[in-house]
Amino acid sequence: MRPFAYVSAPDVATAVRAIASEPGAKFIGGGTNLVDLMREDIEQPDTVVDITGLPLTEVTELPGGGVRIGALVRNSRLAAHQVIRGRYPVLSQAVLTGASGQLRNMATVGGNLLQRTRCPYFYDRSAACNKREPASGCDAVGGFTRGHAVLGTSESCIATHPSDMCVALAALDAVVEVESIRGSRRIPLVEFHRLPDATPHVETEIAPDELITAVELPPLPLAATSRYRKVRDRASYAFALVSVAAAMEVRDGTVSAARLALGGVAPKPWRARLAEDALVGAPATEESFRRAAAAELAPAVAQSENAFKIELAERTIVATLRQLLTEGSAA
C-alpha cells in the first residue's frame, strides 16, 4: 500500500474544505470495506479524511413525523432506536441481517451507503474488472456467476450491490443529504446508486468533493407495517442471494399502497416499481402477489449459474407479502 496523507476533520466545514483543497487528488471517504480495499491495493487514495469526530451521530425526529439519521450513526444504534423500530421496522430488520454484531457496532450509515461490491472478480487483481479498471473487461460474464445480478446489468458489469440497509432505504423513499463547499444538496436514495451501463466504475451520484451528512426518511405511515426478508446461504454473516423490503396497506381486501425493493439481484438497491404498480388496486391475495412478482422479474437476464435467482426472488416477494398480510410487521 502506497503512502497517503491523513487528515482529521473536527467539523463538517473543515472536512469539506479538506476534500476540496487539492484539485486532482484522489480522496477516499466512507465505505465499510474501504480498509480491505486499501490492503488489497484496489483503492489507492492520495488522502484519507477522518470524519469520525463530526457531529453526525444523532437520530432526530422531524416535524411531521419524518426522521433524520446522521451519517455517522452506528448501524447497531440505528437498528435498536425506538423510533426506527416503531415507524420503520423494515429498516431495523434489514440492518440486523447484515454482517455481524461486531461490525454493526462499528459500521456507519454513511459508510454503508458507500460500500463497494463483493464481486470476487473485483477483488481479484488478476481478473478483468471494469469497476476496478475501466474498459478492461468483465471476467464475471461467462465466469462463476451464482451470486451475480439478474436485473439492471450491462455488458460491462453484472456485480450485485451488497447492502441490506440500502434496500430498506430504497423502499422507504429515503433521501441522502450531501455537502461540499458549494453547499448542500439532496439525492433520492433510489437515484444515489447508479446502474453500470458502460461506466460501472462510477457507482454513485456523489461528486468527488462531497460528503454524506445525513439520510432522511419521510413520514410514511405505511412503513409501520413493513418487513425485511433475506435469503442467504447461511443464517449469519452472509450476503443476500435475494432480499425483499416490503410495506403494504390493505383496505377492504384491496391493496391500497405498497412499497417494494429487492437486494441481491441488481447492481444497486432495486426499487420494484413494476410490482408496486401491479399490486396497487389488486385484491390482497396470493394470486395478486404472484402476478406482481412475475411482472418485476420479467425483464431479468440470467447468467449460466444464477437463473435460480429469478424464481427465488419471485417466491421471496410472495412470501414477504403473505407474511405482511397475515402477521403484519415485527420490529
- prompt: Using a distance-only test with no angle check, is there a side-chain donor-acceptor pair under 3.5 angstrom linking T254 and D252?
  reply: no
Nearest-0.5 Å distance that lies between atom CD1 in I187 and atom NE2 in H193: 10.0 Å
field: Heavy-atom pair with the smallest gap, counting every atom of C119 and T117
entry: N-OG1, 3.1 Å
Hydrophobic cluster partners of V190 (side-chain heavy atoms under 4.5 Å): none
query: Same hydrophobic cluster for F289 and V280, using side-chain heavy-atom links shorter than 4.5 Å among ILVMFWY?
result: no
- line: OG of S163 to CD of Q115, rounded to nearest 0.5 Å, is 5.0 Å
- prompt: Do you know which two heavy atoms are closest between P219 and G65, and how far apart they sit?
  reply: CB-C, 3.9 Å
query: To the nearest 0.5 Å, how far apart are SG in C138 and NE2 in H148?
result: 6.5 Å
- prompt: Does a side chain donor of either Q93 or R227 reach within less than 3.5 Å of an acceptor in the other side chain?
  reply: no
field: CG-CG distance between L96 and L91, expressed to the nearest 0.5 angstrom
entry: 9.5 Å
task: Say whether, by atom type as modelled, one donor and one acceptor occur between the side chain of T285 and the main chain of S288 under 3.5 angstrom.
output: yes
message: Starting from V265, can I reach V301 by hopping between I/L/V/M/F/W/Y residues whose side chains sit under 4.5 Å apart?
response: no
- request: State, yes or no, whether a side-chain contact exists between E203 and H161 at a heavy-atom distance under 4.5 Å.
  value: no
field: Intermediate values then yes/no, side-chain contact (heavy atoms from CB on, under 4.5 Å), F192 and I212
entry: CA-CA 11 Å; F192 182 81; I212 297 173; 3.8 Å; yes
message: What verdict does the side-chain contact (heavy atoms from CB on, under 4.5 Å) test give for L279 and L321, after you've listed the backbone C-alpha separation in whole Å, the side-chain angles of each residue and the deciding distance to 0.1 Å?
response: CA-CA 10 Å; L279 282 170; L321 294 174; 3.8 Å; yes
- prompt: According to a 4.5 Å side-chain heavy-atom criterion applied to Ile, Leu, Val, Met, Phe, Trp and Tyr, with indirect links allowed, do L62 and V83 form part of one hydrophobic cluster?
  reply: no
Partner residues of E205 under the salt bridge (Lys or Arg N to Asp or Glu O under 4.0 Å) criterion, sequence neighbours left out: R194
message: Quick check for you: to the nearest 0.5 Å, what is the distance between T204 atom OG1 and L113 atom CG?
response: 9.5 Å
Salt bridge (Lys or Arg N to Asp or Glu O under 4.0 Å) against E311, all qualifying residues, sequence neighbours excluded: R315
statement: Here the salt bridge (charged side-chain N to carboxylate O under 4.0 Å, His left out) pairs for residues 69-78, sequence neighbours left out, are E58-R77
query: Going by atom types alone, do T213 and E179 pair a side-chain donor with an acceptor below 3.5 Å?
result: no
- request: For residues D139 and C129, determine if any side-chain heavy atom of one lies less than 4.5 Å from a side-chain heavy atom of the other.
  value: no
- request: For T326 and R322, indicate whether the former's side chain and the latter's backbone hold a donor-acceptor pair under 3.5 Å.
  value: yes
field: Check: M248 and T225 side chains under 4.5 Å, non-hydrogen atoms
entry: no
- prompt: Which atom pair, heavy atoms only, marks the closest approach of R232 to A240?
  reply: CB-CA, 4.5 Å
- prompt: What are the two closest heavy atoms between G264 and S243, and how far apart are they?
  reply: N-OG, 4.5 Å
field: Candidate pair V255 and E249, rule side-chain contact (heavy atoms from CB on, under 4.5 Å), full reasoning
entry: CA-CA 6 Å; V255 178; E249 180 181 80; over 6 Å; no
task: Keeping the roles fixed (side chain from T153, backbone from A149), state whether a donor-acceptor pair exists under 3.5 Å.
output: no
message: Please determine whether residues V175 and V90 belong to a single hydrophobic cluster, defined as Ile, Leu, Val, Met, Phe, Trp and Tyr linked transitively by side-chain heavy-atom distances below 4.5 Å.
response: no
- request: Output the rest of the hydrophobic cluster of I158: all Ile, Leu, Val, Met, Phe, Trp and Tyr residues reachable through side-chain heavy-atom contacts under 4.5 Å, sorted by chain and number.
  value: V141
field: Co-membership, hydrophobic cluster, residues V202 and L195, 4.5 Å side-chain
entry: no
query: Is there a side-chain contact between L297 and L151 (heavy atoms, below 4.5 Å)?
result: yes
- prompt: Does anything in residues 143-162 pair up under salt bridge (charged side-chain N to carboxylate O under 4.0 Å, His left out), and if so which pairs, sequence neighbours excluded?
  reply: R146-D233
Modelled atom types, side-chain donor and acceptor of N130 and E133, under 3.5 Å: no
Heavy-atom pair of closest approach, residues V48 and P45: CG2-CG, 3.9 Å
Lys/Arg-Asp/Glu bridge criterion (N-O < 4.0 Å) met for D36, R118: no
- request: Determine, stepwise, if the pair L262 / I317 fulfils side-chain contact (heavy atoms from CB on, under 4.5 Å).
  value: CA-CA 9 Å; L262 308 179; I317 291 171; 3.8 Å; yes
query: Should the pair E61-R87 be classified as a salt bridge under the 4.0 Å nitrogen-to-oxygen rule?
result: yes
query: Distance-only, no hydrogens or angles: does the T320 side chain make a donor-acceptor pair with backbone N or O of R229 under 3.5 Å?
result: no
- line: Which of V176, T57, L72, V73 passes side chain to side chain contact (heavy atoms under 4.5 Å, CB included) with V109? It is V73
message: Counting C-beta onward and ignoring hydrogens, is there a side-chain heavy-atom pair between I51 and V49 closer than 4.5 Å?
response: yes
task: Check A275 against L260 and note the closest heavy-atom contact, atom names and distance.
output: CB-CD1, 3.7 Å
message: Could you measure the distance from the OG atom of S226 to the CG atom of L220? Nearest 0.5 Å is fine.
response: 8.5 Å
field: Side-chain donor-acceptor contact under 3.5 Å, S154 with D197
entry: no
- line: Going by chain and number, the hydrophobic cluster around Y121 (ILVMFWY, side chain to side chain under 4.5 Å) further includes F144
R259 side-chain N/O to A245 backbone N/O, donor-acceptor pair under 3.5 Å: no
- prompt: Does the side chain of V95 reach to within under 4.5 Å of the side chain of R104, using non-hydrogen atoms?
  reply: yes
- request: Would you please name every residue forming a salt bridge (Lys or Arg N to Asp or Glu O under 4.0 Å) with E210, sequence neighbours left out?
  value: R182, R185
task: Taking the side chain as every heavy atom from C-beta outward, state whether V67 and V59 have any pair of such atoms under 4.5 Å apart.
output: yes
message: Between K131 (side chain only) and R116 (backbone N and O only), is there a donor and an acceptor less than 3.5 Å apart?
response: no
query: For residues 194-252, which residue pairs qualify under ring pair (Phe, Tyr, Trp, His ring centres under 6.0 Å), counting only residues two or more places apart or in two chains?
result: none
- line: Hits for salt bridge (Lys or Arg N to Asp or Glu O under 4.0 Å) against E314, two or more places apart or cross-chain, chain-then-number order -> none
- prompt: Considering only heavy atoms from C-beta outward, does the side chain of V215 approach that of L169 to under 4.5 Å?
  reply: yes
field: ring pair (Phe, Tyr, Trp, His ring centres under 6.0 Å) contacts touching residues 69-98 (sequence neighbours left out)
entry: none
field: Listed once per pair and sorted, the side-chain hydrogen bond (donor to acceptor under 3.5 Å, both in side chains) pairs that draw on residues 295-309, sequence neighbours left out
entry: W270-E296
